[in-house]
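Order of appearance sets the numbers: ligands from 1, and atoms from 1 within every ligand. Bear in mind that the values here come from a model prediction, so they are computed numbers and not experimental data.
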Amino acid sequence: QKPKVIVSAPLPADLRERLAARCEIVDVPTGQNPAETLPAELRSQIAGMVCTMRTKVDQALLDALPALQVSSNFAVGFDNVDLAAATRRKVLICNTPGVLDGAVADVTIGLMLCLARNLVAGDAFVRSGAWTKGAFPLTHDIRGKTLGLLGMGRIGRVVARAAQAFDMKVVYHNRRQDPQAEGLATYVERDELFRVSDVLSVHIPLSAETRHSVGKRELGLMKPSAYLINTARGPVIDEAALVEALRAGTIAGAGLDVMEQEPLPPTSPLCELPNVVLQAHVGSATHETRRAMIDLAVANLMDALGNQTPRAMVNPEVWQARA
Ligand code: GLV
Ligand code: GLV
């Protein structure tokens, strides 16, 4: 008998076929709670799951899926998972690192260029006819400026590499100094990072420790001419403090692909600030990258259920304990 797996993520037809050859697929609409949508009898037989970050893999869901062995995240971030609870229950958690680094770095660089050169306002300036009445206000170079990276993982390193092409000086802060950053970026203390950066970009995961870790104090260290970019997770930044800094002009602008509340309601004060460029959490949202992510997420799930070591495990100790 094939193991039953929940699919709560968009699955291309060919991958669905490949998965169906080895598993019995139980569909749950993306973002819906399997504990609420599936009958208890079926729930008790679920061995695996592939889901997006909109599925909260918490103690309650783990309790509702007592036979669950593996939950494969269709995302690199896994802040939707209570990792301690999953590890305690010996549920393997997988994710999709590596395949989306370039796409997220591209949006990071794009936001930086939009902010420095005021590209979004420039488009409206031309369309509205304002150009016929005068030239667009001068903007700022990024060349020769300092890019600060808070977090130096895979994505941070790709951003650092891209910044070399813009002749930027790159500094970073990370929990640990990163030997792979050698020659790409210079390690600085955390406060120093906020003080010296002309553009500060966030590339750390969301956890209890990092929630609101960029707050009023950190924003207060930044230059009034500096831009803050976030393509990681919204709650890493204290958004109320950011809005205050942007209103007061103690920083120059912000480029945000992620927010504390997603989808961001149009009533958010962020939508009223002219010095903010917003995107709809699209860092990894290209055809090519999403395909690579779902490929990896499904491979992780099938490997785990087929006793092959999955390529990307968040809590490999669960796997090792099984062997
Ligand atoms: C996207 O936000 C991801 O974590 O992959
Ligand atoms: C984030 O997950 C990173 O790899 O930097």
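A distance-only check finds a donor-acceptor pair linking the side chain of N80 to the backbone of T55 [under 3.5 Å]. Here the side chain of T87 pairs no donor or acceptor atom with the backbone of A84 at under 3.5 angstrom.
Atoms of ligand 1 found under 4.0 Å from any heavy atom of L100 (numbered from 1 in listed order, with element): 5 (O). Counting the atoms of ligand 1 from 1 in the order shown, those under 4.0 Å from a heavy atom of A75 are 3 (C), 4 (O), 5 (O). Taking every non-hydrogen atom of H281 and a distance limit under 4.0 Å, the qualifying atoms of ligand 1 come out as 1 (C), 2 (O). Heavy-atom proximity to M293, at under 4.0 Å, picks out these atoms of ligand 1: 5 (O).
Aromatic ring pairs are classed by plane angle as parallel below 30°, tilted from 30° to 60° and perpendicular above 60°; the pair Y187 and Y172 is perpendicular.
Within the 4.5 Å cutoff, side-chain heavy atoms of H203 are placed close to those of T108.
In terms of N/O distances under 3.5 Å, ligand 1 is approached by R233. Looking at ligand 1, you won't find any N or O of M53 less than 3.5 Å from one of its N or O atoms.
Under the rule for a side chain to side chain contact (heavy atoms under 4.5 Å, CB included), the partners of L256 that lie at least two apart in sequence or sit in another chain are N230, L242, A254, M259, L270, L278.
Neither the backbone nor the side chain of T96 comes within 4.0 Å of ligand 1, counting heavy atoms alone.
More than 12 heavy atoms of other residues, nucleotides or ligands lie within 6.0 Å of CZ in R89, so this atom counts as buried by the packing criterion.
Looking at L206, V258, V76, V104 and measuring to atom 5 (O) of ligand 1, the nearest heavy atom belongs to V76.
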